Amino acid sequence: MTRYIIRRLIAMPFLLLGIITIAFFISHNTRGDPLISIIGERQMENPDVVAAAKARWGLDKSLPEQYAIYVGNLTTGDFGTSLRTKRPVAQDLLDRLPATLELVIAAMLAGSLTGIVLGVIAARFRDSGIDHLARLWALIGSSTPVFWSGLILLYVFSVALGWLPGPGRLNARTLPPETITGFLTIDSLLSGNLQLFRESLYHLILPALVLGWTVMGIVSRLVRVSMLDVLSQDYIVAARARGARELRVLFNHALRNAMIPTLTIIGFTFAYLITGAVLTETIFSWPGIGSYAVDAARNLDYPAIMGVTIVGGMAFLLSNLLTDIAYAFADPRIRLR
Amino acid sequence: MSASSAPAKPRSFALPSHLTLPVLLGAAITLFWIVTALSVDLWPIYDPLDMVARRLMPPSAEHWFGTDALGRDVLTRTLHGARSSLIMSCAVIFFAVSIGSALGAIAGYAGGFIDNAIMRLVDVTLSFPPILLAMAVTAALGPGLENAAIAMIIVWWPAYARLMRGQVLAVKAREHVEAAVAGGAGHARTLIRHILPLCWGPILINATMDFGQVVLLAASLSFIGLGASPPTPEWGSMISEGAIHFYQWWICAGPGLAILSVVLGFNFLGDGLSDYLDPRRS
């Protein structure tokens with residue numbers, strides 16, 4: 001077990017370097033000349049200005065030198081300066097991280113809980129109409145583009161029914177609570193402002209459900225399969241024979257064992273959440289990293305795009321590592337490899 | 001690697017036929033969209049680029065899905081959207097499968113340094129969240145359908161390399177391959193004639209399943225503004241126009257349903273295919 005973790009940990013820096021190298025390669029093969037965005041189209045005629053700008057931004061150096069400087073800067077947390085916001089990319093990302101985390105965690109909770117319940121129901125009523133409906137519902141969740149379901153649900157619940165507020169983390173005129181954790185729901189509670197807590201929670205519901213729906217499909221499919229596995233075992237029959245109630249058998253006896261593979265897969269759903277967050281945040285005007293990435297891509301803001309890509313890659317690597325380790329804990333056969 | 005470690009469970013019941021309702025439905029949906037993509041120019045419907053009615057009209061008898069901000073018929077544009085979506089996704093899947101399985105097969109067959117080099121590249125590429133890598137590449141190459149397709153090929157080939165390598169490794173150890181080598185078959189002949197023909201099943205299943213995901217990502221890139229550019233009728237960019245005219249919900253309803261139906265259709269078809277090619281699974 002320890003050897004397995006150590007081997008995985010040793011691979012991490014190399015994968016990270018690989019990510020950075022690819023990001024560097026991409027950003028140096030852009031169609032547009034980065035100089036144009038620095039000094040402007042007109043000045044490109046002036047050789048003195050071009051030479052000065054090249055020297056100023058290090059573009060006169062050889063590619064390996066530039067690469068070394070890029071990697072060196074990254075190790076100090078310098079992701080460069082955004083062409084759009086004119087602020088350090090690292091600062092932009094830090095400012096926007098809490099909004100994304102709050103959304104992703106809420107979505108993960110919503111998606112996992114509904115997915116588990118749906119999976120248990122589907123397994124209990126295997127091959128019946130309920131099972132098929134549950135599976136179809138989950139499949140629709142992972143087949144619907146979130147940027148579309150977000151729009152439609154926003155229209156239905158916010159415009160047509162008026163049950164939930166529109167996009168954003170708070171109403172347009174509300175002052176946010178004092179920043180402590182950056183999670184508006186928690187910060188408003190900490191400052192004792194229940195009105196604000198309600199408002200931030202109401203704003204969180206719809207985007208979290210839209211994003212969580214994509215995860216629900218994966219979780220429910222997995223819970224269903226492992227529940228079917230567990231439900232056919234002897235101790236379940238024994239529990240039923242002892243006269244245990246159905247709900248107790250399902251949730252106390254069966255789900256407990258069926259959860260082991262499921263817990264590990266929740267880390268894997270992170271990939272879907274990142275993809276979904278990029279688009280969900282755009283629809284709901286959510287000021288997180290996802291909408292930052294989209295704004296950056298739309299404005300061809302390369303330093304910002306590369307920053308988000310590298311940070312996203314790092315988060316992805318870490319969650320994969322944790323998932324695999326959790327899996328190795330749950331399934332002894334994997335440790336032997 | 002984790003999925004293969006689960007013990008194969010024997011089937012507890014037998015399907016009467018491989019043609020279950022979902023598979024038939026999936027086949028019907030995909031067939032509909034393929035036929036539409038190929039023949040939509042010949043249909044007696046409006047022109048996707050012409051202003052045919054007042055702008056922002058809700059659905060009516062003449063315009064089932066209403067009209068958009070430029071007075072164009074939404075249903076017509078949705079049907080025409082099938083063309084760019086399906087052609088692009090076909091190209092992405094074709095190149096991703098070709099490049100991925102070629103490199104994966106070489107890695108699995110050669111082993112050693114070549115295997116290591118290819119698979120480390122696969123590892124690194126798979127370390128990126130797909131949408132972020134696709135966005136970065138498309139933004140760098142410049143927005144447009146072709147560049148979005150190139151970005152998606154870069155995102156998708158490693159999955160097939162990994163899959164193919166595993167297949168080749170498994171088949172390479174079989175006796176008939178040993179016999180072929182003993183009989184004097186060269187490397188190329190052994191790989192192409194004796195190993196590869198047995199490796200395509202999972203690749204085919206995966207490609208069918210992935211098709212829907214490619215359609216989704218392509219639409220996402222267009223929605224962000226990195227794929228198709230106006231006035232091309234494309235589902236993702238139509239939805240992004242619908243987002244601007246938020247209160248006219250019908251503008252994005254058509255293209256959204258189109259994406260959903262294509263993804264569902266290919267999922268059903270892929271499920272059926274995997275039951276058919278690999279009865280032990282599911």
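Just so we're clear, the structure is a prediction, and the values are computed from it rather than from any experiment.
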Does any heavy atom of chain A fall under 4.5 Å from the side chain of [X], the backbone, both, or neither of them?
| X | result |
| --- | --- |
| B:Leu257 | both |
| B:Leu226 | side chain |
| B:Pro255 | neither |
| B:Asp123 | both |

Based on non-hydrogen pairs under 4.5 Å, which of [options] is most in contact with chain A?
| options | answer |
| --- | --- |
| B:Gly225, B:Ser127, B:Ser261 | B:Ser127 |
| B:Phe268, B:Phe223, B:Tyr247 | B:Phe223 |
| B:Pro130, B:Ala243, B:Ser220, B:Gly242 | B:Ser220 |
| B:Val263, B:Ile224, B:Ile259, B:Val262 | B:Ile224 |
| B:Thr138, B:Leu260, B:Asn267, B:Val215 | B:Leu260 |

Are more than 12 heavy atoms from other residues, nucleotides or ligands located less than 6.0 Å from atom [atom1] of [X]?
| X | atom1 | value |
| --- | --- | --- |
| A:Gln233 | CD | yes |
| A:Leu17 | CG | yes |
| A:Phe14 | CZ | no |

Segment of A:Met306 engaging chain B (4.5 angstrom heavy-atom cut-off): side chain
Interchain contact, A:Val294 with chain B, by part (heavy-atom threshold 4.5 Å): both
Going by the angle between their ring planes, with limits at 30° and 60°, are A:Tyr155 and B:Phe246 parallel, tilted or perpendicular? perpendicular
Exercise: identify the closest heavy-atom pair between [X] and [Y]:
| X | Y | result |
| --- | --- | --- |
| B:Leu132 | A:Ala293 | CD2-CB, 4.2 Å |
| B:Cys252 | A:Ile152 | SG-CD1, 4.2 Å |
| A:Phe316 | B:Leu126 | CE2-O, 3.4 Å |
| A:Ile305 | B:Ala139 | CD1-CB, 3.5 Å |
| A:Ser142 | B:Gln213 | O-NE2, 4.1 Å |

Max heavy-atom pairs within cutoff under 4.5 Å with chain B, candidates A:Ile19, A:Ile274, A:Thr144, goes to A:Ile19
Could you tell me which of A:Ile310, A:Ile140, A:Asp301 has the largest number of non-hydrogen atom pairs under 4.5 Å with chain B? A:Ile140
Could you give the distance from [atom1] ([X]) to [atom2] ([Y]), rounded to the nearest 0.5 Å?
| X | Y | atom1 | atom2 | value |
| --- | --- | --- | --- | --- |
| B:Ile131 | A:Thr309 | CD1 | OG1 | 11.0 Å |
| B:Asp271 | A:Arg135 | CG | CZ | 7.5 Å |
| A:Leu317 | B:Phe128 | CG | CZ | 9.0 Å |
| B:Leu133 | A:Ile26 | CG | CD1 | 5.0 Å |

Applying side-chain contact (heavy atoms from CB on, under 4.5 Å) to A:Val308 and B:Met135, what does each step give before you reach the verdict? CA-CA 10 Å; A:Val308 177; B:Met135 278 167 66; over 6 Å; no
